Amino acid sequence: MPNELSMTRREMLGTASAVGGLALLGSPSPVMAQDALDKAVQAFRKVVGEQWVYASEVSRDLYRDDYSPFSGTEQEPVPSAAVAPKSTEEVQRIVEICNQHRIPFWVISTGKNLGFGGAAPMRSDMITLDLKRMNRIIEVNEKQAYAVVEPGVSFLDLYRHIQARGLKLWMTVPSPGWGSIIANSLEHGSGYGFQGDHIMSLCGLEVVLPTGELLRTGMGAMANASQAHNIKYSVGAHLDGLFAQSNLGVVTRAGYWLMPEPQVFASATIKVYGLEDLVPLVDLATQLRLKGAIGSSVRIGVGLTDLAHDPEFNRSALDALVDPAEMQKALLAVMKQKNLGAWHARMGFYGSPNLIRAQWEEVRTAYEQIPNVQFDYQQYEVPLANPEQLDVKTKLIAGVPSLADWVTNGRVEGHILNSPVLPADGESALRAHRLATQVHQEFGRAFGGAEMLSRTPREILMTMGAEIFKSDPAANNVTIRLFKQLSIEFAKQGWGEIRAHPALMESVQNTYGWNNHAMRRVNERLKDSLDPLGVMAPGKNGIYPRRMRPS
């Protein structure tokens, strides 16, 4: 068997640039004719109205990625047009028009997926299907603790809806809160409260297939469905996963599971001071989560990450260092000076006073074995008296959406992210940290550390970021190459990424090479069956329709 991480047929035959690889490999560029685009735009206007079709250069620029690693280059993707429907029926009609005129389209919900592509399509010769106007909260069922929402509904929207009506329900939220609930969940987004893996909270999807046909999944497939958002499954194959991170359908509504309001809420931070203390910090979190002593995801961060919110931190001295080893040494010195600790773990507890008291006692007793460990534990009565007064990390654990986690004191113009998943054991986490440090230094970069999130008791999501500079395409090119190499090195350890920026989707897909890329080949067969004309998001996550694949 050939090396699964070696150059693939796409990379050998493709026309992608060395900077980003955004071209649809094996296909001519552009893939749509101007007269077809003009006819489609006119048809879109008849469906949604003149004001909701964006075809001018100025309006199309609104769909750029503010954090694009291709800023200032010809590779930066901007859609050929955009259209914003208001209803499922309008989405169906738009998709049918795209099929009629062979117009490839890219789908966004709120366009706030910053770090993973934002509002921009994968390449410029696509139109953007913008679902921001589909922002109805269709139902909130307090008794059974779920909501039914459209893709334009953000976490902030649903939170405010619940608060305004005095409903005794809590959410699990990511950072920041402006993202679409449906899109974040479908893209394998993460939360910091009782449900770390958001896709597990989706139940009952309504989907427009790439042909325009309408589908409802699970129990929703019944004509008189009453359990569509309580039970994920029905008879036969479970289809929901086909529409996560895929180009097989446009999800236009979904159920989202919530949590009954607890009697009491508590948050805790556990801080350790040795680099190798990451091992017991992770191992204990895993054991305690498997036993049910910790009721939330566990957010494990390097002490340095808190400096982004420190108004007294001046990074200019660090930026002046050229040698990555010296910069790494300086970063560790700053952490010690600021008493940040090498690592910290944040978690939440929900329930009755007796329950969370017992849980915290078990957690504290377990972690006291680590030398010099420090604890910060705060308990709050529910409903929270002043949720906006909580610090941003506590807000997120309490299900209070916020934008503050992205407000920093630095000069960061943007960032790009990648997300490998590790086994939930401390040795793997420490090894991953050291491997990332090594790869960064090989590219002349210092590694300030990554956030590690115990989303479920059996995995650790490691999120690494790098700065993007609009005025420095060369530096951004290095970042793209660095992240591609990280994917390769982590894959050699058996650690795959579960989410990728469009610039990295092809390279990440290539790491899933078992049995001659069997998973990709099955996805391609699904693509050809459900999207025979190949119009929906061709190339998303490395899956292309037949007409765009090399023979």
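Just so it is clear, the model here is predicted, and its values are computed rather than measured.
- Using a 30° and 60° split on the angle between ring planes, Y256 and H198 fall in the perpendicular class, above 60°.
- R455 and S190 share a donor-acceptor pair across their side chains, judged by distance under 3.5 Å alone.
- More than 12 heavy atoms of other shown residues, nucleotides or ligands fall within 6.0 angstrom of atom CE in M259.
- With salt bridges taken as basic N to acidic carboxylate O contacts below 4.0 Å, one links D61 and R64.
- Between the side chains of E497 and S487, at least one donor-acceptor pair of N or O atoms lies under 3.5 Å.
- Among residue pairs with one or both ends in residues 425-438, those qualifying as salt bridge (Lys or Arg N to Asp or Glu O under 4.0 Å) are E276-R434; sequence neighbours excluded.
- Salt-bridge formation is not detected for the pair D66/K112: no Lys NZ or Arg NE/NH1/NH2 atom is positioned less than 4.0 Å from an Asp or Glu carboxylate oxygen.
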Output a table of donor-acceptor pairs, distance under 3.5 Å, between side-chain atoms of residues 531-538 and any protein atom two or more places apart or on a different chain; print 'none' if there are none.
| unit_1 | atom_1 | unit_2 | atom_2 | d |
| --- | --- | --- | --- | --- |
| D531 | OD1 | G534 | N | 3.2 |
| D531 | OD1 | V535 | N | 3.1 |
| D531 | OD2 | K527 | NZ | 2.6 |
| D531 | OD2 | V535 | N | 3.1 |
| D531 | OD2 | M536 | N | 2.9 |

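- Looking at heavy atoms from C-beta onward, F469 lies in side-chain contact with E467 at the 4.5 angstrom threshold.
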Under the criterion side chain to side chain donor-acceptor pair (under 3.5 Å), I'd like the reasoning laid out for Q438 against E442: C-alpha separation, chi angles, the key distance, then a yes or no. CA-CA 6 Å; Q438 175 187 331; E442 288 171 359; 3.3 Å; yes
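- Within the 4.5 Å cutoff, no side-chain heavy atoms of I460 are placed close to those of S428.
- By the 6.0 Å contact criterion, CD on E213 is open, its count of non-hydrogen atoms from other residues, nucleotides or ligands being 12 or less.
- Shortest non-hydrogen contact noted between W343 and I300 is CE3-CG2, 4.3 Å.
- A salt bridge does not link R521 with E524: none of the charged nitrogens is closer than 4.0 Å to a carboxylate oxygen.
- Both tests do not hold together for R346 against Y192: distance to the six-membered ring centre under 6.0 Å, angle to the ring axis within 45°.
- When all heavy atoms of F483 and I416 are compared, the pair lying nearest together is CE2-O, 3.6 Å.
- Ring centroids of Y512 and H517 are separated by 6.0 Å or more, keeping the two rings apart.
- Side chain to side chain, T463 and R499 fail the donor-acceptor criterion of an N or O pair below 3.5 Å.
- Applying the salt bridge (Lys or Arg N to Asp or Glu O under 4.0 Å) definition to pairs two or more places apart or across chains, none involves residues 235-248.
- Side-chain atoms of Y544 and N247 include no donor-acceptor pair closer than 3.5 Å.
- What you find for T110 and P151 is that their closest heavy atoms are CG2-O, 4.3 Å.
- Legend: salt bridge (Lys or Arg N to Asp or Glu O under 4.0 Å) pairs involving residues 243-255, not counting sequence neighbours, sorted by first then second residue: E206-R253.
- Scanning both residues, S234 and M219, for their nearest heavy atoms gives CB-N, 4.0 Å.
- With sequence neighbours excluded, the residues forming a ring pair (Phe, Tyr, Trp, His ring centres under 6.0 Å) with H229 are Y146, listed by chain and number.
- Atom NE2 of residue H433 and atom OG1 of residue T437 lie 4.0 Å apart, to the nearest 0.5 angstrom.
- Side chains of S154 and D157: a donor on one and an acceptor on the other come within 3.5 Å.
- Across every non-hydrogen atom of K484 and S507, the tightest pair is CG-OG, 3.6 Å.
- No hydrogens or angles considered: nothing links the side chains of N99 and E96 as a donor-acceptor pair under 3.5 Å.
- Judged as a salt bridge (Lys or Arg N to Asp or Glu O under 4.0 Å), the pairs with a partner in residues 285-297 (not counting sequence neighbours) are, in order, K291-E362.
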